[in-house]
Q: 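Before anything else, here's the structure in question.
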Amino acid sequence: MSTAGQVIRCKAAVAWEAGKPLSVEEIEVEPPQKNEVRVKIHFTSLCHTDVYFWEAKGQNPLFPRILGHEAGGVVESVGEGVTDVEPGDHVLPIFTGECKECPHCLSEASNMCDLLRINTERGGMLHDGQTRFSKDGKPIYHFLGTSTFSEYTVVHVGQVAKINPEAPLDKVCVLSCGMTYSSSLLAGFGATVNVAKPKKGGSVAVFGLGAVGLAAAEGARVCEASRIIGIDLNPNRFEEAKKFGCTEFVNPKDHNKPVQEVISEMTGGGVDCSIECTGSTQAMVSAFECVHDGWGVAVLVGVPSRDDSFKTHPIHFLNERTLRGTFFGNYKPLSDIPGVVEKYMKRELELDKFITHSVPFLDINKAFEYMLRGEGLRCMIRMDA
């Protein structure tokens with residue numbers, strides 16, 4: 001393209017300090033360097049992870065910064081050594097990566113790349129540690145290697161998944177997020193489909209009916225589970241959860257016994273699988289102890305606080321219950337995400353129901369307002385509007 005090798009001036013929503021509204025203004029974006037790709041972002045959306053780091057809770061604040069990690073776009077130019085994608089390719093930037101060379105990437109059992117594993121502290125690019133964003137000569141830091149709240153961004157080639165150009169970017173872009181304390185789709189969906197793997201006709205309990213939990217329920221629906229039990233303290237979520245396959249609901253506050261006992265009684269000994277999507281250690285214990293002995297599998301998706309811990313009696317393990325964790329739904333970003341996009345194209349996976357709001361880029365702060373008020377699941381931000 002005519003802009004290849006040149007600095008691009010474009011609009012970006014910059015977080016100058018913690019908790020203050022983002023400022024949409026013109027910045028400079030440098031050309032991609034070795035193993036980097038510059039992407040024109042068409043659609044992006046907001047999740048709890050962006051809000052968490054915008055508020056600077058529980059970690060070292062890094063400002064000014066361009067947030068955003070869930071988006072769809074088109075490759076504008078590529079740097080030295082890039083052969084996997086080329087200008088014009090449709091891609092999803094991913095907050096984690098796949099170098100295809102480390103032991104994790106070479107293993108079929110892991111997606112936790114040594115080189116490109118999530119790093120919330122890094123504000124520059126891997127190649128030289130420098131940022132590709134600036135305003136009036138002042139550097140602006142990157143976020144998760146993606147920084148999609150900008151019309152153009154620079155990403156490591158191992159963090160861009162090339163997808164079907166016919167796929168609508170305003171829908172499939174929600175597949176690029178998997179951080180588990182966000183309203184992520186793939187974390188919950190993959191936890192069910194790739195890790196718990198319920199059998200057709202089986203029973204699944206989902207703890208937490210936010211977007212992560214609804215995605216887990218969607219995974220159970222796709223696997224044709226016959227009973228999908230949603231557990232949440234907010235009864236207002238129950239009606240919405242029916243759209244994602246939930247067949248029954250339990251509010252722990254309605255019972256005077258541990259919820260795992262309630263579920264065990266409902267199901268004649270426990271569910272086949274459970275997915276924990278809250279980050280609450282109490283919910284983690286309940287999710288593990290509510291699965292059936294002999295074959296039950298509990299999968300932890302929610303991220304607890306740093307100093308949290310929980311205990312459960314070892315007899316539950318000896319009784320052949322299994323406790324698993326998952327990262328990004330056990331999907332390898334570059335290898336697996338294109339296939340998930342194809343599932344959407346074949347209507348095997350529903351994404352539209354996750355998108356509840358839409359705003360133009362200049363109104364990006366409205367997306368934060370929706371999130372902070374707990375309204376809806378996903379707010380799509382239209383970069384060209």
Q: So, do F95 and F143 have ring centers that fall under 6.0 Å from each other?
A: no
Q: Can you confirm if the aromatic rings of W16 and F63 lie within a centre distance of less than 6.0 Å?
A: no
Q: Salt bridge (Lys or Arg N to Asp or Glu O under 4.0 Å) with K40: which residues, sequence neighbours excluded?
A: none
Q: Just jot down the salt bridge (Lys or Arg N to Asp or Glu O under 4.0 Å) partners of E101, sequence neighbours excluded, or say none.
A: none
Q: Do R227 and V271 have side-chain heavy atoms sitting under 4.5 Å apart?
A: no
Q: Quick check: do V160 and V75 have side-chain heavy atoms less than 4.5 Å from each other?
A: no
Q: Do we see a donor-acceptor contact under 3.5 Å between the side chains of S203 and D272?
A: yes
Q: State yes or no: are the ring centers of F149 and F361 separated by less than 6.0 Å?
A: no
Q: Say whether, by atom type as modelled, one donor and one acceptor occur between the side chain of E342 and the main chain of Y344 under 3.5 angstrom.
A: no
Q: Is the centre of the F207 ring less than 6.0 Å from the centre of the F288 ring?
A: no
Q: Given the rule in the side chain to side chain donor-acceptor pair (under 3.5 Å) test, do S176 and E70 qualify, once you have shown the distances and angles that lead to the verdict?
A: CA-CA 5 Å; S176 65; E70 184 175 288; 5.3 Å; no
Q: Verify whether one side chain among H42 and R382 offers a donor that lies under 3.5 Å from an acceptor in the other.
A: no
Q: Return the set of residues passing salt bridge (Lys or Arg N to Asp or Glu O under 4.0 Å) with K100 (not counting sequence neighbours), or none when no residue passes.
A: D84
Q: Does K199 use its side chain to pair, donor to acceptor, with the backbone of C223 at less than 3.5 Å?
A: no
